[in-house]
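Here is the structure we will look at.
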Amino acid sequence: NCDWSSYVSDLEDAAEQVATLNNLTRFQSRPWLLPNYWASASEPLSALVCDSKREHPDCIGGDPAMGDREICRAPRTGELCYKCPSDQRVLSDGGCGECDRARD
């Protein structure tokens with residue numbers, strides 16, 4: 001029979017080891033997107049290619065758990081980083097631009 005204090009000491013050592021391991025692997029416990037890939041925060045393992053013909057300049061990669069502000073170059077947002085603010089339009093070479101004014 002072991003003294004109770006030896007069990008408590010072992011548990012404290014185990015908890016410290018787990019905490020150290022979690023700190024060492026904290027960025028390995030969830031996906032990290034490479035540039036040209038997009039995934040939603042709710043389904044971070046379902047990565048989509050932003051553009052199959054080139055590296056999309058607005059899909060910058062990163063942690064999908066952080067949302068579009070992390071994985072899309074501002075001001076682009078949304079699935080595959082395809083949305084611009086309502087007063088701007090999508091530019092084919094990346095980014096957003098001024099909306100064309102109606103011509104008189």
Side-chain angles (χ1 to χ4, degrees):
N1 288 333
C2 293
D3 180 30
W4 173 250
S5 63
S6 67
Y7 290 112
V8 172
S9 175
D10 289 345
L11 289 175
E12 288 172 351
D13 289 344
E16 185 176 328
Q17 290 173 0
V18 168
T20 300
L21 182 61
N22 283 342
N23 284 335
L24 292 174
T25 61
R26 68 180 174 191
F27 295 115
Q28 297 174 13
S29 62
R30 59 185 184 213
W32 186 265
L33 297 170
L34 295 174
N36 204 40
Y37 289 88
W38 180 93
S40 68
S42 62
E43 294 185 58
L45 298 178
S46 296
L48 302 173
V49 177
C50 293
D51 192 323
S52 63
K53 296 181 180 179
R54 65 183 175 124
E55 187 171 304
H56 194 292
D58 297 309
C59 285
I60 57 175
D63 184 353
M66 301 302 290
D68 293 342
R69 301 289 178 210
E70 171 76 17
I71 60 177
C72 297
R73 186 179 318 281
R76 297 286 278 271
T77 60
E79 187 171 316
L80 303 175
C81 304
Y82 75 96
K83 290 184 181 177
C84 285
S86 61
D87 62 337
Q88 295 182 352
R89 64 185 176 91
V90 173
L91 299 176
S92 61
D93 59 346
C96 299
E98 296 291 321
C99 291
D100 292 334
R101 301 274 185 223
R103 300 190 180 196
D104 295 322

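Listed here is the closest heavy atom pair of Pro35 and Glu55: CB-OE2, 3.6 Å. The minimum heavy-atom distance between Ala39 and Ser46, with the atom names listed, is CB-O, 3.8 Å. Annotation for Ala41 and Pro44: closest pair O-CD, 3.4 Å, computed over non-hydrogen atoms.
Between atom CG of residue Asp51 and atom SG of residue Cys81 there is a gap of 11.5 Å, rounded to the nearest 0.5 Å. With rounding to the nearest 0.5 angstrom, the CD1 atom of Ile60 is 12.0 Å from the CG atom of Asn36. Here the straight-line distance linking atom OH of Tyr37 with atom CG of Leu48 works out to 10.5 Å at 0.5 Å rounding. Atoms CG and CD1, from Leu34 and Ile71 in turn, are 12.0 Å apart once rounded to the nearest 0.5 Å.
Within the structure, the side-chain hydrogen bond (donor to acceptor under 3.5 Å, both in side chains) test picks out the following pairs touching residues 67-79 (sequence neighbours left out): Trp38-Asp68, Asp58-Arg76.
Looking only at side-chain heavy atoms (C-beta outward), Asp93 and Pro57 stay at 4.5 Å or farther from each other.
Of the two cysteines examined, Cys50 and Cys59, the SG atoms meet the criterion of being under 2.5 Å apart.
Remark: the backbone N or O of Cys96 is not paired with any side-chain donor or acceptor of Arg89 at under 3.5 angstrom.
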